[in-house]
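Lettering follows sequence order; numbering is per chain, from 1. Atom set for the values below is all heavy atoms of this structure, side chains included, hydrogens, waters and symmetry mates excluded.
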Amino acid sequence: MEWADDLAASVSGPQVVNDSKTPSGTVHVGSLRGPVILDVIARALRAAGRETMFLYGVDDLDPMDAQALLTPDAVEREMGRPLAHVPDQAGDGHASYARHHAGLFIETFARLGIHPDRYYWMSEHYAAGDMDPYIRVALDRAALVREIYRRVANVRHPDTWHPVSVICETCGRVGTTIVTNWDGERVFYECRPDLVEWAHGCGTSGWTSPFGGRAKLPWNLEWAAQWSLFGVTIEPNGKDLATAGGSRDRSEAIAREVFEREPPLNFPYEFLNIGGRKMSTSKGRGASAQQMVEVVPPEQLRLLFLRPKPNQAIEFDPDGTDAIPRLFDEFDRLAAATAGKPVKGELPPGFAAVFRYSLVDPAADAAAEAARFRPAFGHLAVLTQVPGVDVAATMRAEKGSGLDTRETEILDERIRSAGAWLAAYAPESARLVVRHDALPDAAADLGLPQRQFLAALADRIAGGAPSGGEAWQAAIFEVAGSMGTQPRGAFEALYQAFLGRPNGPRAGWLLASLEPAFVVGRLREAAASGTLAAGEDATEEAG
RNA sequence: GGGCCCGUAGCUCAGCGGCAGAGCAGGGGACUUUUAAUCCUCGUGUCCUGGGUUCGAAUCCCAGCGGGCCCUCCA
């Protein structure tokens with residue numbers, strides 16, 4: 001956790017931490033890395049005794065450019081209009097498209113324990129006139145802005161270009177307008193049909209005031225203006241913006257030269273890759289934040305983003321791997337270590353801080369949280385697949401005492417996660433499938449004592465099956481004992497006969513969940529199959 | 001073309017000047033009732049390559065090679 005604490009130690013005076021986002025649509029899991037980093041920085045600053053304001057902005061005056069998220073009839077009408085002015089497509093009561101999508105990600109933040117002191121909406125600040133001084137300076141210094149774009153980003157705008165976008169008085173679009181003149185109070189603008197490919201302006205042109213919400217600054221200037229307006233001192237950003245000549249460079253130059261203020265401390269961070277590739281909603285399941293939150297609970301998701309240094313890309317490949325179970329295991333290991341319990345292996349420096357920052361509630365008693373009973377995810381994933389198992393009771397037995405309210409919550413949360421993981425991500429090897437169709441091939445490899453055990457067990461229960469897992473388990477031990485079979489071998493034989501694998505969940509409960517007639521039949525089949533295969537290699541080969 | 005990040009065990013990664021490490025996976029073993037639990041045990045891998053600095057380099061410097069992402073709203 002050194003990166004956040006080091007940052008906190010390196011600054012002095014009150015701090016304003018800020019980030020903002022355009023609410024254009026779905027949020028990817030990776031998008032949560034920024035907010036989590038921001039939240040951790042804010043927590044670290046406060047822990048270091050720095051007065052800290054945590055701001056999160058919604059750039060809702062940005063133009064609508066995501067055609068795919070509009071209903072077909074709305075595309076021609078809404079593309080290019082400010083997101084705050086586009087009606088909510090979902091029709092679920094939000095005032096606008098922007099409010100709907102911003103609402104979704106704010107909800108996600110809250111679930112992750114990320115609570116900015118204030119959310120601000122740029123449409124409101126423009127409307128209130130807060131941005132007017134910056135618009136005026138930008139227009140007065142238009143030549144300087146053009147020079148900066150040329151010098152820093154190698155972007156050449158025409159000499160008539162002015163750094164402001166008017167919201168067209170006729171069609172309401174902001175993405176299609178260009179300002180070509182400024183007389184000190186009014187700008188001359190054109191709403192061009194062909195300025196951008198994704199939206200078509202209406203052709204209006206004329207003089208108008210750019211103040212009071214009638215116009216917005218382009219992104220790089222708006223960003224720099226936000227720093228001045230809110231007094232931002234620290235603002236992390238993704239690597240995409242940190243590239244040479246990219247957004248950050250432009251905005252920093254504009255902040256210094258146009259608005260004459262030192263830009264905030266930068267803190268660039270890497271992305272989250274899914275399976276070694278950039279994540280994409282279209283290329284695979286689980287890329288959306290909402291989906292991932294279904295499977296990975298908040299504290300484990302925070303850990304995923306916290307644990308690596310921000311300048312390192314995170315490789316996360318949940319599909320068909322044990323990446324998610326391992327995330328739980330790592331969390332539990334940190335918890336155990338924080339609680340002072342012995343753990344296997346080495347611990348990262350500052351492991352207790354990593355654990356503490358992973359908690360949803362910043363005010364939580366980390367020591368008490370660390371000491372709580374947490375069922376191993378992998379074990380739960382197995383148990384939940386066996387019909388008839390009372391998972392809660394099993395867990396109480398494992399803990400050795402009753403679960404408290406919080407521990408029950410954790411258990412329920414993990415049961416839900418395990419179900420979602422098995423349904424969407426788990427490798428085949430994690431899924432338990434009773435082979436109802438046919439005797440698994442692997443049963444042919446069973447040794448003679450094991451086959452004899454299966455036959456004896458079949459005889460033992462043919463007259464009447466035990467009722468319940470406990471009784472089944474007892475019967476297995478009893479028969480194994482009477483045959484002189486090691487329990488290990490007995491259990492392996494059962495797993496091979498029913499699951500086609502050498503191990504499995506507690507056998508008694510597994511068998512109790514099956515039809516007794518099927519169990520007897522399968523036991524005899526497995527015992528006989530072995531007999532036939534004895535001394536006959538061909539059977540194995542053919543299997 | 002430019003920027004940033006990463007190349008260490010099968011996988012994920014720590015170590016960042018002083019005898020190559022951990023977790024997971026895998027192998028072996030223990031356990032007559034938490035048998036995918038728990039416990040014990042097993043790691044020589046061109047630390048991407050080639051130079052350089054140094055008594056000493058996985059670690060610092062230079063040059064390559066390979067991979068990833070970005071440079072347009074995006075994290």
Which protein N or O atoms sit under 3.5 Å from an N or O of nucleotides 37-40 of chain B?
none

For this session: Consider only side-chain N and O atoms of A/N311 and A/E270, and report whether a donor and an acceptor are under 3.5 Å apart.
Result: no
Exercise. Within the structure, does a side-chain N or O atom of A/R250 lie under 4.0 Å from either OP1 or OP2 of B/U72?
Worked result: yes
Exercise. Do we count A/F477 as stacking onto B/U33 if the rule is ring centres under 5.5 Å and planes under 30°?
Worked result: yes
Would you tabulate the pairs of protein nitrogen or oxygen atoms and nucleotide nitrogen or oxygen atoms of nucleotides 13-17 of chain B closer than 3.5 angstrom?
unit_1: B/A14; atom_1: OP1; unit_2: A/Q312; atom_2: OE1; d: 2.8

Problem set entry | Nearest-nucleotide 5' precedence on RNA chain B, A/G246 against A/S429 | A/S429
Exercise. Considering every strand shown, what is the Watson-Crick or G-U wobble mate of B/A63 when both distances are under 3.5 Å?
Worked result: B/U49
Exercise. If only side-chain N and O atoms of A/R506 are considered, is one of them under 4.0 Å from the OP1 or OP2 phosphate oxygen of B/U34?
Worked result: no
Exercise. Taking a pair as Watson-Crick or G-U wobble with both distances under 3.5 Å, which nucleotide is matched to B/A9?
Worked result: none
For this session: List the steps, then state whether ring pair (Phe, Tyr, Trp, His ring centres under 6.0 Å) holds for A/F109 with A/Y56.
Result: CA-CA 11 Å; A/F109 291 180; A/Y56 200 92; 5.0 Å; yes
Exercise. According to the Watson-Crick and G-U wobble definitions, with both distances under 3.5 Å, which nucleotide is paired to B/C4?
Worked result: B/G68
For this session: Check the angle between the aromatic planes of A/F377 and A/F328 and answer parallel, tilted or perpendicular using the 30° and 60° thresholds.
Result: parallel
Exercise. In terms of the nearest nucleotide of RNA chain B, which residue is placed more toward the 5' end: A/N237 or A/V155?
Worked result: A/V155
Exercise. So what's B/C39 paired with, Watson-Crick or G-U wobble, going by both distances under 3.5 Å?
Worked result: B/G29
For this session: Determine whether the aromatic ring centres of A/F54 and A/Y119 lie less than 6.0 Å apart.
Result: no
Exercise. Rounded to the nearest 0.5 Å, how far apart are CG of A/D317 and CG of A/N273?
Worked result: 10.5 Å
Problem set entry | Check: A/H101 ring centroid to A/Y97 ring centroid under 6.0 Å | yes
Exercise. Could A/R99 and A/W121 be counted as a cation-pi pair, given that NZ or CZ must be under 6.0 Å from the ring centre and within 45° of the axis?
Worked result: yes
